[in-house]
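See structure below.
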Amino acid sequence: MKLHLQIWLVILASMNELDQAWSEMLADAAANAKSSGRADVAEYLALRQSNDAIRQTGVEWLFNAFIEIASEVARDYSQVVIEREDPHEFEFNRSRMAGSLVRVRFGVRRVTIEAGWTRTPEHGFMRGGALAAARIKHFGRPKADVELTLWHKSEAPVWQSLPGVCFDSMSLREHFAILLEN
């Protein structure tokens with residue numbers, strides 16, 4: 001398990017560097033647009049940079065909370081295996097999301113979480129004003145699966161399983177209870 005966590009930390013560091021480079025490129029493009037008299041383009045790029053930061057924060061929280069809970073479970077159950085795929089793409093609401101996937105295996109049982117957002121025009125667009133999307137799937141238990149969307153509410157991003165229904169770390173713990181139940 002230590003190897004999986006070490007690999008995850010290396011991947012996370014690489015993704016953070018890529019996200020930092022992307023953020024700097026957006027800031028430079030916005031400054032160039034503003035100095036060229038293109039306030040409309042500068043405003044769009046500033047909004048894009050702000051939304052990307054919110055997306056990144058929301059997705060990181062979801063994965064960090066999921067992995068933290070999985071690590072707690074792994075301390076009690078030695079046969080729990082945690083794996084991460086990065087980069088990962090998945091279909092969500094007729095669009096392609098780019099992000100990551102974390103899989104937790106417990107014998108033949110498995111729970112996966114994938115989260116991301118559209119990055120390029122070919123991916124489509126985020127429908128309904130959502131900033132990011134995620135899906136939790138239970139192998140062999142489709143009724144326990146849930147789809148999530150990330151919204152910018154007041155000052156913090158909020159994951160919702162249905163409109164108006166907040167999804168938090170207690171909700172994540174419920175998915176681990178499903179994984180472990182007889």
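Count residues from 1 along the sequence.
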Exercise: identify the closest heavy-atom pair between S171 and C166 | OG-O, 4.2 Å
Closest contact, heavy atoms only, G99 versus D86 | O-OD1, 3.4 Å
Write down the atom of M126, the atom of A133, and the distance for their closest heavy-atom approach.
-> CE-N, 4.0 Å
Joint hydrophobic cluster, L62 plus I82, side-chain heavy atoms closer than 4.5 Å | yes
What closest approach, in Å, do A70 and V80 show between heavy atoms, and which atom pair accounts for it?
-> O-CG1, 4.3 Å
Reported CZ-to-OG1 distance for the pair R127 and T149, which is rounded to 0.5 angstrom = 13.5 Å
CG on D145 to CZ on F139, rounded to 0.5 Å = 11.5 Å
Are side-chain heavy atoms of R110 and K137 found at a separation under 4.5 Å?
-> no
Quick one: pull up CD in Q56 and CG in L150 and give me the separation to the nearest 0.5 Å.
-> 11.0 Å
Should V165 and I136 be regarded as members of a common hydrophobic cluster, given that ILVMFWY residues are connected when their side-chain heavy atoms come within less than 4.5 Å of each other, either directly or indirectly?
-> no
Do W159 and L172 touch side chain to side chain, with heavy atoms closer than 4.5 Å?
-> no
F125: hydrophobic cluster co-members (side-chain, 4.5 Å) = none
Any side-chain heavy-atom pair of D52 and R55 under 4.5 Å = yes
Here the gap from W61 atom CH2 to E68 atom CD, rounded to the nearest 0.5 Å, amounts to 10.5 Å
Look at the aromatic rings of H88 and F90 and report parallel, tilted or perpendicular, splitting at 30° and 60°.
-> parallel
Spacing of E91 atom CD and R96 atom CZ [to the nearest 0.5 Å] | 5.5 Å
In the hydrophobic clustering (ILVMFWY, side-chain contacts below 4.5 Å, transitive), which residues join I178, or is it alone?
-> none
In Å, rounded to the nearest 0.5 Å, how long is the span from CZ of R135 to CD1 of I113?
-> 11.5 Å
Which pairs count as salt bridge (charged side-chain N to carboxylate O under 4.0 Å, His left out) when at least one residue sits in residues 171-182, sequence neighbours excluded?
-> E72-R173, R141-E181
Nearest heavy-atom approach of V59 to G116 is CG2-N, 4.5 Å
Below 4.5 Å, heavy atoms only, C-beta onward: do R103 and E85 meet side chain to side chain?
-> yes
Over 12 foreign heavy atoms within 6.0 Å of CZ, F176 = yes
Got I54 and W151 here, is their nearest side-chain heavy-atom distance under 4.5 Å?
-> no
Specify whether Y77 and F106 have parallel, tilted or perpendicular ring planes, treating 30° as the upper limit for parallel and 60° as the lower limit for perpendicular.
-> perpendicular
Can you list the steps and then say if E89 with H123 is a side chain to side chain contact (heavy atoms under 4.5 Å, CB included)?
-> CA-CA 10 Å; E89 288 191 2; H123 285 161; 3.4 Å; yes
Report yes if some heavy atom in the side chain of I69 is under 4.5 Å from a heavy atom in the side chain of H175; otherwise report no.
-> no
